[in-house]
K.L.:
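The structure is given below, and queries will be raised subsequently.
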Amino acid sequence: MESIRTWLIDGNPELQALGYETDAAHAAIYPAGALPDPMASVTLLGIDTTHPSLLPGNVGSSLYRLRQRFPLWGKRGLARDVAQQRAEAMGLERSAIALDLVSEAEQSYVRYWHSIASVKIIDRIIELLDQVEDLARVRYGLGMAPQQDSIRAQVERTSMQRQRIERLAVRQEVSSALNAVLGRPADAALAIPADQPNLPVAATTRAEALQRLETGEHPLLQASQSIASAARSNVELERRNRFPDISVGVGALQRGSGLDSYEMMLEVEIPFQQHARRERERQSRLLEDAALTRANASRIDLEGQLGSAWVRWTSAREQRLLIENTLIPQSDANFKSALASYQVGEVDFGTLLSALREWQGADLARVDATRDELLGAAQVRAIDGEY
């Protein structure tokens, strides 16, 4: 199972794309707080209209200027904080999607294992039916049982062969689904599971799992909080945009072939468009409220999903334990008793066939319950933030 998770994290195309987008968001952090590029200008004055020239030495005077804008009041730091928080949110959203994809892969792998395990049980049932048919044929040859007993065994075997075909089709279907989520070709070969999948759940009670959601440990909730923090920082950035920035410039005046004088320039931005800034502040506050509301909605949705998944997991586990500890021993004893009684003619073939069906059906029910338990565990693990 660990190899499935490793392959998915490394090879899933969607996660790779999200990883690139997250790296791109992190790459945008430094530029967000960098100084803007300086501006350079050349002004030619006194150009002769009869013999125009654009060479600085052939005009009346040339003015060279270099100007740099400086955002003040901590605006650069706030802009960098906004970019940092947005990049963190993108990374956390990738982690949340990874949880869902890992859960999807785990569930597909569980179904893949189940299809193989159930086919093994059906093969064993078919083998037992062959033995029972041989027994019925021998008893028929001795005149101790009707020929119908042998035919009923053949009918039952054909029915099990039909189930085998269905489960093999399910195996191919879940193989394609598992390969798809792993980013592999649909017909790529998968190894036969050596053991039953193991999907431990960290939380021992549903209350403990819900408590972990309340503390906001799920990456989807953390992503919403990061988005809200980015919007909050942007509110402060827009508030500080009310205060003016400055631009500093230097210049040199050339007359003929030499520099004649120098100049120094200081510009102050006039924050005249206050209404537009107030609307941008309002926009950022609304985005913060939206992110916090979305985080609360996500928490409520995750709590509902956790409750349903927890019930499915624990219910399937209880059924598996009941089947393993009670039903299988009972049905095994019932089949052995029916077989012994049939061999001496104390019960009819229908009773033996029914006992065989119940005995092996209990084993199939155990595998089905184990599948449902593991599927529930995979869903709980995804909501609990485990992969």
Side-chain angles (χ1 to χ4, degrees), residues 5-36 71-105 181 183 202-203 209-241 277 280-303 305-306 379-387:
R5 301 188 190 100
T6 302
W7 189 292
L8 185 143
I9 297 300
D10 295 338
N12 182 272
E14 183 177 359
L15 289 182
Q16 288 180 346
L18 290 171
Y20 292 138
E21 291 176 354
T22 301
D23 292 342
H26 280 283
I29 294 174
Y30 177 79
L35 285 172
L72 302 179
W73 323 106
K75 297 176 184 178
R76 293 170 58 200
L78 280 171
R80 191 173 285 122
D81 289 343
V82 171
Q84 173 75 35
Q85 290 155 349
R86 287 175 177 170
E88 290 175 354
M90 188 168 292
L92 289 166
E93 288 175 350
R94 178 185 182 275
S95 297
I97 293 174
L99 280 174
D100 291 337
L101 290 174
V102 167
S103 177
E104 183 181 343
V181 74
L210 288 172
Q211 180 62 33
R212 294 179 66 172
L213 278 182
E214 287 294 331
T215 56
E217 295 184 15
H218 194 282
L220 183 61
L221 304 181
Q222 294 177 347
S224 297
Q225 291 295 336
S226 293
I227 293 174
S229 298
R232 194 178 305 116
S233 297
N234 205 53
V235 169
E236 179 61 20
L237 177 60
E238 291 299 336
R239 189 186 70 81
R240 295 191 189 185
N241 279 336
R277 289 185 173 86
R280 287 195 291 269
E281 289 180 37
R282 177 172 172 267
Q283 176 192 24
S284 296
R285 291 192 185 95
L286 291 173
L287 290 174
E288 178 185 5
D289 292 340
L292 293 174
T293 303
R294 187 173 291 110
N296 186 49
S298 298
R299 181 181 295 105
I300 293 173
D301 182 56
L302 288 171
E303 288 175 353
Q305 293 181 34
L306 176 62
Q379 293 168 353
V380 171
R381 284 164 55 87
I383 301 171
D384 204 27
E386 298 180 49
Y387 69 84

K.L.:
Any side-chain to backbone donor/acceptor pair from Gln379 onto Leu306? Under 3.5 Å, distance only.
P.N.:
no
K.L.:
Indicate the atoms forming the closest heavy-atom contact of Ser224 with Ala295, along with that distance.
P.N.:
CB-CB, 3.3 Å
K.L.:
I need the Asp301 CG to Asn296 CG distance, nearest 0.5 Å.
P.N.:
11.5 Å
K.L.:
Scan for salt bridge (Lys or Arg N to Asp or Glu O under 4.0 Å) pairs involving residues 227-240, sequence neighbours excluded, and state none if there are none.
P.N.:
Arg232-Glu288, Glu236-Arg239, Glu236-Arg240, Glu238-Arg280
K.L.:
I'd like to check Ser233 versus Ser284 (side-chain heavy atoms, cut-off strictly below 4.5 Å). Are they in contact?
P.N.:
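Contact flag for Ser233/Ser284 side chains = no.
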K.L.:
Does Leu302 reach the side chain of Leu221, with side-chain heavy atoms less than 4.5 Å apart?
P.N.:
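Yes - at least one pair of side-chain heavy atoms lies under 4.5 Å apart.
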K.L.:
If you compare all heavy atoms of Ala87 against all heavy atoms of Ile29, which two are closest, and at what distance to 0.1 Å?
P.N.:
CB-CD1, 4.2 Å
K.L.:
If I compare all heavy atoms of Asn12 with all of Leu15, which pair ends up nearest, and what's the gap?
P.N.:
OD1-N, 3.1 Å
K.L.:
I'd like to know if the side chain of Arg94 and the backbone of Thr22 have a donor-acceptor N/O pair within less than 3.5 Å.
P.N.:
no
K.L.:
Within a strict 4.5 Å, meaning less than it, do heavy atoms of the Asp10 and Gln16 side chains meet?
P.N.:
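A side-chain contact is absent here, since even the closest heavy-atom pair is not under 4.5 Å.
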K.L.:
To the nearest 0.5 angstrom, please state how far the CG atom of Leu78 sits from the CZ atom of Arg76.
P.N.:
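Answer for the CG-CZ pair, Leu78 versus Arg76, is 12.0 Å.
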K.L.:
Under 4.5 Å between any side-chain heavy atoms of Val102 and Ile9, yes or no?
P.N.:
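The answer is yes, as the side chains (C-beta and beyond) meet within the 4.5 Å cut-off.
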K.L.:
Atom CD1 of Ile227 and atom CZ of Arg86: how far apart are they, to the nearest 0.5 Å?
P.N.:
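Ile227 atom CD1 to Arg86 atom CZ measures 9.5 Å (nearest 0.5 Å).
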K.L.:
Grab the two heavy atoms, one from Arg80 and one from Ala34, that are nearest each other, plus how far apart they are.
P.N.:
NH2-N, 3.9 Å
K.L.:
Measure across Met90 and Ala25 and return the closest heavy-atom pair with its distance rounded to 0.1 Å.
P.N.:
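Closest approach of Met90 to Ala25: SD-CB, 4.0 Å.
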K.L.:
What closest approach, in Å, do Val82 and Ala230 show between heavy atoms, and which atom pair accounts for it?
P.N.:
CG2-O, 3.7 Å
K.L.:
Is the number of heavy atoms from other residues, nucleotides or ligands within 6.0 Å of CZ (Arg299) greater than 12?
P.N.:
yes
K.L.:
Side chains of His218 and Leu99: closer than 4.5 Å at any heavy-atom pair?
P.N.:
yes
K.L.:
Under the ring-ring contact (aromatic ring centres under 6.0 Å, His included) rule, collect the residues that match up with Trp73, sequence neighbours excluded.
P.N.:
Phe243
K.L.:
Any non-hydrogen side-chain atom of Leu237 less than 4.5 Å from a side-chain atom of Asn234?
P.N.:
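A side-chain contact under 4.5 Å exists here.
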K.L.:
Atom CD in Gln84, atom OG in Ser229: separation rounded to 0.5 Å?
P.N.:
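Gln84 CD to Ser229 OG: 11.5 Å, rounded to 0.5 Å.
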K.L.:
Is there side-chain contact between Pro71 and Leu35, with heavy atoms separated by less than 4.5 Å?
P.N.:
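In contact.
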K.L.:
For Asp81 and Gln85, which I'm curious about, is there any donor-acceptor pair between the side chains at under 3.5 Å?
P.N.:
no
